[in-house]
Structure formats: C-alpha cells, structure tokens
Amino acid sequence: MVVVFWYQGEYYHGVKGHKMVLDCASSINDEFGVPRPIAIKTHSNGKPYFSDSPLHFSLSHSEDLWACAFSDSEIGLDVQYKKEKNYMRTAQRMFTENERTYIVERSTACADAFYKIWTRLEAFAKCTGEGIFAERPDLADNEGRLLDEVSWKGEILYFVEVNFDINDFASALCSKAPVNKALTKVKEIKDLDEI
C-alpha cells in the first residue's frame with residue numbers, strides 16, 4: 001500500500017517540516033498496522049527514515065508543492081515544477097541514450113517527456129538512497145518507451161506517476177514493491193492544522 005499526502009502553499013522546512021511528516025504518518029499508522037513514528041533520523045547517505053517504525057517515507061517539494069509518500073516497503077517520491085529550460089542540454093549530461101530518444105520522439109511535448117524521466121530518476125535515487133549520479137538502470141527501453149519496471153542489483157523497482165490534479169507539475173514514485181496507481185491513496189492537505 002502507498003499513501004501520498006500533498007499540500008500546495010507555504011510549507012515548513014527543518015524541524016517543523018519533520019513534524020508535518022510525523023503528523024501525516026501518525027494519521028495513517030492504523031492503515032499500515034505499525035507503531036506511530038515519533039523520530040526521524042538520517043542514514044549516512046542522507047536518506048531520512050523513521051528510527052522507531054517499519055514504515056518507509058519519501059519527501060519531496062518544488063515551488064509551492066509539498067508531498068510525502070508512505071509505504072510498507074522502500075519508496076522514493078519526486079515532484080517537480082515544470083520550468084522552461086534547455087532540456088536536451090541537461091539530458092545530454094544526465095540521461096542515457098534510450099532516455100534521450102524518449103524525449104526526442106516526443107518533441108512536441110518535450111517538457112513533459114523530460115520531466116517524466118527526471119522525476120523517475122530522482123524517485124529512483126531516493127528509493128535506493130544512491131543519489132542521482134550513482135550507477136543506475138535505463139528508465140526507457142531501446143525503442144524509446146518509458147519503463148514501469150526496472151531491474152537493479154538483483155531487485156525489481158516499480159514506477160508510477162502520482163496525480164495531484166494541478167497543472168505545471170510532474171511526479172513519479174519508485175517502489176521496491178509492486179505499486180498500482182489505482183490503489184495508491186492520494187490525500188490533499190487543505191490546512192496544515194488539519195493533519
């Protein structure tokens with residue numbers, strides 16, 4: 001199961017931001033049947049985790065969008081505001097040949113194609129804890145099609161987009177367990193005091 005909370009507006013960073021994550025996790029701990037987490041720690045690679053709960057989470061924010069995903073398996077979430085940039089210049093440095101082909105074949109929707117790859121790359125890095133410059137699998141096949149499953153270090157990782165029903169943002173979720181878009185619960189936070 002995956003539950004994603006999202007909020008659009010001014011959000012908290014640092015310790016207050018941790019409180020938002022903990023409050024969201026506490027509101028769903030019964031759904032996962034796990035203890036209510038009360039502390040966030042950081043692995044040596046920088047990946048945050050609950051030190052007192054088996055629940056996994058991944059936090060992402062861009063511009064005025066804050067989102068946090070929770071799961072009973074390792075997970076990575078990325079959200080990105082689609083700003084104008086030289087997409088192919090970045091793709092030349094960061095993407096594989098297959099991923100660049102995916103973008104080129106969608107030249108009329110270059111921004112959408114770029115951000116579909118970029119958010120998957122970031123979500124993968126967060127799920128694995130390896131970072132975006134580490135060794136990684138192709139996220140598109142040799143025919144320029146986006147992959148929903150990839151093999152990495154003997155494991156299968158799964159990708160799905162998260163729909164926040166807002167324009168100008170892209171998102172991707174990466175999980176070490178099969179994830180179904182239809183079964184992913186997405187919960188909007190309308191007021192930070194309502195969590």
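By convention here, the first residue in the shown sequence is residue 1.
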Asker: With sequence neighbours left out, what residues match Lys190 under side chain to side chain donor-acceptor pair (under 3.5 Å)?
Answerer: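 Expected list: Glu188.
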Asker: Taking the side chain as everything from C-beta on, heavy atoms only, tell me whether Leu147 gets closer than 4.5 Å to Leu139.
Answerer: no
Asker: Any side-chain heavy atom of Lys176 within less than 4.5 Å of one from Cys127?
Answerer: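 Yes, close enough: below the 4.5 Å cut-off.
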Asker: In Å, rounded to the nearest 0.5 Å, how long is the span from OG of Ser60 to CG of Leu77?
Answerer: 5.5 Å
Asker: So which atom in Thr101 and which in Gly144 form the shortest heavy-atom distance, rounded to 0.1 Å?
Answerer: CG2-CA, 4.1 Å
Asker: Between Phe50 and Phe57, how do the two ring planes meet: parallel, tilted or perpendicular, split at 30° and 60°?
Answerer: tilted
Asker: With sequence neighbours left out, what residues match Ser175 under side chain to side chain donor-acceptor pair (under 3.5 Å)?
Answerer: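 Applying side chain to side chain donor-acceptor pair (under 3.5 Å) to Ser175 gives Ser73.
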Asker: Any ion pair linking Arg120 and Asp78 (charged N to carboxylate O, less than 4.0 Å)?
Answerer: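 Arg120 and Asp78: not salt-bridged.
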Asker: Can you name the side chain to side chain donor-acceptor pair (under 3.5 Å) partners of Asp168, sequence neighbours left out?
Answerer: none
Asker: Restricting to ring pair (Phe, Tyr, Trp, His ring centres under 6.0 Å), what partner residues turn up for Tyr81, sequence neighbours left out?
Answerer: Phe169
Asker: Looking at every heavy atom in both Ser53 and Pro37, which two are closest together, and how far apart are they?
Answerer: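 Heavy atoms of Ser53 and Pro37 come nearest at CB-CB, 3.8 Å.
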Asker: With sequence neighbours left out, what residues match Pro54 under side-chain contact (heavy atoms from CB on, under 4.5 Å)?
Answerer: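 In terms of side-chain contact (heavy atoms from CB on, under 4.5 Å), with neighbours along the sequence ignored, Pro54 is linked to Val34, Pro35.
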Asker: Could you go through the side chain to side chain contact (heavy atoms under 4.5 Å, CB included) check for Thr90 and Lys85 one step at a time?
Answerer: CA-CA 9 Å; Thr90 302; Lys85 63 189 315 177; 3.8 Å; yes
Asker: Do other residues, nucleotides or ligands put more than 12 heavy atoms under 6.0 Å from Glu149 CD?
Answerer: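 Yes, because the 6.0 Å sphere around CD of Glu149 holds more than 12 heavy atoms from other groups.
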Asker: According to a 4.5 Å side-chain heavy-atom criterion applied to Ile, Leu, Val, Met, Phe, Trp and Tyr, with indirect links allowed, do Val162 and Leu121 form part of one hydrophobic cluster?
Answerer: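 Result: no, two separate clusters.
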Asker: Are the side chains of Lys116 and Leu146 in touch, meaning some heavy atoms are under 4.5 Å apart?
Answerer: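 Lys116 reaches Leu146 side chain to side chain.
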Asker: Could you list the donor-acceptor pairs under 3.5 angstrom formed by side chains in residues 20-28, with sequence neighbours left out?
Answerer:
{"from": "Asp23", "atom 1": "OD2", "to": "Lys19", "atom 2": "NZ", "distance (Å)": "2.6"}
{"from": "Ser26", "atom 1": "OG", "to": "Leu22", "atom 2": "O", "distance (Å)": "2.9"}
{"from": "Ser26", "atom 1": "OG", "to": "Arg36", "atom 2": "NE", "distance (Å)": "3.0"}
{"from": "Ser27", "atom 1": "OG", "to": "Cys24", "atom 2": "O", "distance (Å)": "2.7"}

Asker: Does Ser171 reach the main-chain N or O of Glu161 with its side chain, forming a donor-acceptor pair under 3.5 Å?
Answerer: no
Asker: Report yes if some heavy atom in the side chain of Phe114 is under 4.5 Å from a heavy atom in the side chain of Met88; otherwise report no.
Answerer: no
Asker: Would Tyr115 end up clustered with Val104 when hydrophobic side chains under 4.5 Å apart are linked, directly or stepwise?
Answerer: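 Yes, it is one cluster - the side chains of Tyr115 and Val104 are joined through contacts under 4.5 Å.
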Asker: Evaluate side chain to side chain contact (heavy atoms under 4.5 Å, CB included) for Glu130 paired with Glu135, printing each intermediate quantity in order.
Answerer: CA-CA 8 Å; Glu130 297 283 323; Glu135 180 185 335; over 6 Å; no
Asker: Who passes side chain to side chain donor-acceptor pair (under 3.5 Å) against Gln92, sequence neighbours left out?
Answerer: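 Side chain to side chain donor-acceptor pair (under 3.5 Å) check on Gln92 returns Arg100.
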Asker: If you look at every heavy atom in Ser71 and Leu55, which pair is closest and at what distance?
Answerer: O-CD1, 3.4 Å
Asker: Would you mind listing every salt bridge (Lys or Arg N to Asp or Glu O under 4.0 Å) that reaches into residues 53-76, with sequence neighbours excluded?
Answerer: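 Residue pairs with at least one partner in residues 53-76: Lys47-Glu74.
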Asker: Any side-chain to backbone donor/acceptor pair from Asp138 onto Asp141? Under 3.5 Å, distance only.
Answerer: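 Absent.
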Asker: Any side-chain heavy atom of Trp118 within less than 4.5 Å of one from Gln80?
Answerer: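 A side-chain contact exists here, since the closest heavy-atom pair is under 4.5 Å.
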Asker: Applying ring-ring contact (aromatic ring centres under 6.0 Å, His included) as the test, list every pair that has at least one member in residues 140-167; sequence neighbours left out.
Answerer: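 Residue pairs with at least one partner in residues 140-167: Trp6-Phe164, Phe124-Trp152.
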Asker: If the condition is side-chain contact (heavy atoms from CB on, under 4.5 Å), which residues does Ala39 pass it with, not counting sequence neighbours?
Answerer: Ser51, Asp52
Asker: Please enumerate all residues that pass ring pair (Phe, Tyr, Trp, His ring centres under 6.0 Å) together with Tyr102, with sequence neighbours excluded.
Answerer: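 Ring pair (Phe, Tyr, Trp, His ring centres under 6.0 Å) check on Tyr102 returns nothing, list empty.
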Asker: Could you give the distance from NE2 (His13) to NE2 (His18), rounded to the nearest 0.5 Å?
Answerer: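 It comes to 11.5 Å.
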Asker: Do Val150 and Phe95 sit in the same hydrophobic cluster, where Ile, Leu, Val, Met, Phe, Trp and Tyr count as joined when their side-chain heavy atoms come under 4.5 Å apart?
Answerer: yes
Asker: Does the Lys126 side chain pair with the main chain of Leu173, one donor and one acceptor, at a distance under 3.5 Å?
Answerer: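 Checked: no pair found.
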Asker: Can you confirm whether Val4 sits close enough to Lys185 that some side-chain heavy atom of one is under 4.5 Å from a side-chain heavy atom of the other?
Answerer: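 Val4 vs Lys185: side chains apart.
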Asker: Do Ile117 and Met94 sit in one hydrophobic cluster, given that two such residues count as connected whenever their side-chain heavy atoms are within less than 4.5 Å of each other, even indirectly?
Answerer: yes
Asker: I'd like to know if Glu99 and Arg136 make a salt bridge, using a cut-off of under 4.0 Å between side-chain N and carboxylate O.
Answerer: yes
Asker: So Val160 and Asp148, do their side chains get closer than 4.5 Å, heavy atoms only?
Answerer: no
Asker: State, to 0.1 Å, how close Ile103 and Ala91 come at their nearest heavy-atom pair, and which atoms those are.
Answerer: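 Here Ile103 and Ala91 meet closest at CD1-CB, 4.0 Å.
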Asker: Can you tell me how far SG of Cys68 sits from CD1 of Ile189, rounded to the nearest 0.5 angstrom?
Answerer: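 Answer for the CD1-SG pair, Ile189 versus Cys68, is 8.5 Å.
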Asker: Can you run down the ring-ring contact (aromatic ring centres under 6.0 Å, His included) pairs that involve residues 22-49, sequence neighbours left out, and say none if there aren't any?
Answerer: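 Only His43-Tyr49 qualify under ring-ring contact (aromatic ring centres under 6.0 Å, His included).
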Asker: I want to check something: taking the side chain as every heavy atom from C-beta on, are Tyr12 and Trp66 in contact at a cut-off of under 4.5 Å?
Answerer: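 No. Closest side-chain heavy atoms not under 4.5 Å.
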Asker: Taking all non-hydrogen atoms of both residues, which atom of Tyr11 and which atom of Ser62 are closest, and how far apart?
Answerer: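 Smallest heavy-atom distance, with atoms named: OH-N, 4.2 Å.
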Asker: Taking only Lys NZ, Arg NE, NH1 and NH2, and the carboxylate oxygens of Asp or Glu, determine whether Lys153 and Glu155 approach each other closer than 4.0 Å.
Answerer: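 Result for this pair is no, no salt bridge flagged.
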